[in-house]
Amino acid sequence: MKLNERSLAFYATCDAPVDNAGFLYKKGGRHAVYHRRWFVLRGNMLFYFEDAASREPVGVIILEGCTVELVEATEEFTFAVRFAEARARTYVLAAESQAAMEGWVKALSRASFDYLRLVVRELEQQLAAMRAGGCPPPPRRPRALPPKENGCAVWSAEPPAASPGTSTGTSAGARSGPERPPLPPRRRASAPNGPLDSASFHQLHEWYGQEVRALRSQWLRSRDPMDRLLEF
Amino acid sequence: MRYNEKELQALSRQPAELAAELGMRGPKKGSVVKRRLVKLVVNFLFYFRTDEAEPVGALLLEHCRVTQEEPSGFSISFIEDPERKYYFECYSEEQCQEWMGALRRASYEFMRRSLIFYRNEIQKMTGKDPLEQFGISEEARFQLSGLKA
């Protein structure tokens, strides 16, 4: 497939602030050797360079349709970028510290264009509802509000994501919190494992967030107990 | 530059923002117009031979300029080489405008600017940061400082 590589290289090296940058070890495709590379995340593109001073990337990982997970490896602070597409390559990367790894996992899980589009749509709807209704609505899932409804619809005033770990909002149709008014008849429940397009932003965010938290606690449990003695 | 081609191919099969058969001419001197199925998915423009399942190529739409050409066509060029243009021919002025609008809004950077704009507007109206409820208000990618001056 032809690709406008010069434009890609420009996007990698242009002046604007990056979304994340740092050294990571990248496991080679064919061999088990890790190569230390300078990684730059910009938008939904993860570029990697020979080193921080290189003017052109060695390569790029396009971050659509992927999940980021921690992996069991002999190398510390390892995580993987895995794609839904079965034939696509999984990238195994290792950071140089716990903090760096967590930073990368967070940044990469939120890097897709799809995710950004969901956030933008959510804010667009909030703003439109505020302007139409003349009063700011409490934060709630966008799917619960049919487009033509008065922006001052009475929903639970409780912000849904205040304690994300306890929310059960990710299952289709499940409702959390007391005193929810009845749903308008046109609402369609959507599940997080349906097409990304139809999950509400809140559901999707919850889903990603839960996955990261679950993996993190798994990692915490699996660590060598001796490591914990080193913490203060 | 290496890239994950299989993932890009999979992306080309995702639901498109816009898709149509257009006339397309490459930037090289002397290239001719060819019929291509053109498909906009996230910030990529894929183009296929009309009878093939795999794209001939893809254009990443960051830092690009979309210009009207002739009666009902447009061109895409990139900031690092503005004279190098990809030309597209539409069947009507209306279709041309539709494509131009969609392509101008298709970049990640445009989305990011929109987000920052909405975030600011909502914050002005309510005094609250709308990203806080989702726990992403500190994300580097959503900061005002992320915009080029």
Side-chain angles (χ1 to χ4, degrees), chain A residues 1-11 14-20 42-45 56-62 64-66 83-85 87-89 91 106-107 110-114 116-117 119-120 122-124 126-127 130-131 136 139 159-162 164 195 197 201-202 205 209, chain B residues 1-15 41-44 46-47 54-64 78-81 84 86 106-109 111-112 114-115 117-119 121-122 125-126 128 130-136 139-143 145-148:
Chain A
M1 201 192 306
K2 287 189 239 176
L3 197 54
N4 53 333
E5 293 193 16
R6 241 177 296 176
S7 310
L8 226 65
F10 178 82
Y11 189 50
C14 70
D15 247 333
V18 296
D19 295 321
N20 208 8
R42 184 170 272 139
N44 57 347
M45 309 271 134
E56 258 210 48
V58 171
V60 62
I61 302 168
I62 297 154
E64 291 300 318
C66 70
F83 292 90
E85 160 66 24
R87 294 172 303 158
R89 181 191 156 177
Y91 291 88
K106 248 207 294 190
R110 291 172 181 147
S112 72
F113 188 96
D114 260 338
L116 182 61
R117 184 161 45 191
V119 180
V120 170
E122 166 72 9
L123 295 193
E124 233 174 352
Q126 278 189 22
L127 191 59
M130 277 162 58
R131 282 176 172 164
D197 236 87
F201 164 72
H202 178 71
H205 180 76
Chain B
M1 198 191 305
R2 283 183 237 143
Y3 64 96
N4 44 339
E5 180 149 14
K6 298 236 167 34
E7 161 52 26
L8 202 53
Q9 281 167 350
L11 193 60
S12 77
R13 296 191 282 271
Q14 296 309 308
V41 182
V42 297
N43 52 347
F44 280 95
F46 294 101
Y47 48 100
E54 299 296 353
V56 173
L59 296 175
L60 173 70
L61 297 168
E62 301 296 330
H63 298 294
C64 71
F78 296 89
I79 197 172
E80 78 281 356
D81 197 351
R84 200 161 179 271
Y86 295 82
S107 69
Y108 191 101
E109 296 307 318
M111 279 273 161
R112 193 206 300 269
S114 307
L115 183 143
F117 170 78
Y118 291 130
R119 182 188 188 183
E121 289 297 298
I122 292 171
M125 283 176 84
T126 63
K128 286 202 223 120
L131 296 189
E132 240 164 52
Q133 66 188 273
F134 304 118
I136 54 175
E139 278 286 298
R141 64 178 64 239
F142 301 139
Q143 304 314 319
S145 56
L147 298 178
K148 208 166 163 191

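Each chain gets a letter, A, B and so on, in the order its sequence line appears, and its residues count up from 1. Values reported hereafter were calculated over all heavy atoms of this structure, with side chains retained and with hydrogens, waters and symmetry mates removed. As the structure is a prediction and not an experimental result, all values here were calculated from the model.
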Task: Exercise: identify the closest heavy-atom pair between Asn4(A) and Leu60(B) - done: OD1-N, 2.8 Å

Task: Proximal component of Ala84(A), with respect to chain B [non-hydrogen, under 4.5 Å] - done: neither

Open item on the list: Can you tell me how far apart CE (Met125(B)) and CD (Gln126(A)) are? Round to the nearest 0.5 Å.
Closed with: 11.0 Å

Task: Distance (rounded to the nearest 0.5 Å) between Phe78(B) CZ and Tyr11(A) OH - done: 12.5 Å

Task: Interchain contact, Arg89(A) with chain B, by part (heavy-atom threshold 4.5 Å) - done: neither

- [ ] Measure Ser107(B) against the heavy atoms of chain A and call it side chain, backbone, both or neither at under 4.5 Å.
- [x] backbone

- [ ] List the steps and the verdict of side-chain contact (heavy atoms from CB on, under 4.5 Å) for Arg112(B) and Asp19(A).
- [x] CA-CA 11 Å; Arg112(B) 193 206 300 269; Asp19(A) 295 321; 2.8 Å; yes

Open item on the list: Heavy-atom cut-off 4.5 Å, strictly under: side chain, backbone, both or neither for Tyr3(B) against chain A?
Closed with: both

- [ ] Kindly compute the distance separating CZ (Arg42(A)) from CD (Glu62(B)), expressed to the nearest 0.5 Å.
- [x] 10.0 Å

Task: Segment of Arg119(B) engaging chain A (4.5 angstrom heavy-atom cut-off) - done: both

- [ ] Begin from the C-alpha positions of Arg13(B) and Glu85(A) and carry the test side-chain contact (heavy atoms from CB on, under 4.5 Å) through to its verdict.
- [x] CA-CA 11 Å; Arg13(B) 296 191 282 271; Glu85(A) 160 66 24; 3.6 Å; yes

- [ ] Decide whether Glu80(B) and Ser7(A) meet the rule of one side-chain donor and one side-chain acceptor closer than 3.5 Å.
- [x] yes

- [ ] Measure the spacing between CG of Leu123(A) and CD1 of Ile122(B) and express it to the nearest 0.5 Å.
- [x] 4.5 Å

Open item on the list: Please classify the contact between Glu132(B) and chain A as side chain, backbone, both or neither, with a heavy-atom cut-off of under 4.5 Å.
Closed with: neither

TODO: Any chance you could measure Leu8(B), atom CG, to Met1(A), atom CE, to the nearest 0.5 Å?
DONE: 4.0 Å

TODO: Looking only at non-hydrogen atoms, find the nearest pair between Ala9(A) and Met1(B) and report the distance.
DONE: N-CE, 3.7 Å

- [ ] Please report the shortest heavy-atom distance between Arg6(A) and Asp81(B), naming the atom on each side.
- [x] NH1-OD2, 3.4 Å

Task: Tyr108(B) versus Arg110(A), closest heavy-atom pair with distance - done: OH-O, 4.4 Å

TODO: Could you tell me whether the side chain of Val42(B) reaches within less than 4.5 Å of the side chain of Arg117(A), counting heavy atoms only?
DONE: yes

Task: Considering all heavy atoms, the nearest Ala88(A)-Glu7(B) contact - done: CB-N, 4.3 Å

- [ ] Could you tell me which non-hydrogen atom of Gly43(A) sits nearest to which non-hydrogen atom of Arg141(B), and how far apart they are?
- [x] O-NH1, 3.5 Å

Task: Top of Ile61(A), Asn44(A), Val18(A) for chain B proximity - count of heavy-atom pairs under 4.5 angstrom - done: Asn44(A)

- [ ] Could you look at Leu61(B) and say if it's the side chain, the backbone, both or neither that has a heavy atom under 4.5 Å from chain A?
- [x] neither

Task: Straight-line distance of Leu11(B) CG to Ile62(A) CD1, nearest 0.5 Å - done: 7.5 Å

Task: Verdict with reasoning, Glu64(A) to Val41(B), per side-chain contact (heavy atoms from CB on, under 4.5 Å) - done: CA-CA 10 Å; Glu64(A) 291 300 318; Val41(B) 182; over 6 Å; no

Task: Within 6.0 angstrom of Glu56(A) CD, more than 12 heavy atoms from elsewhere - done: no

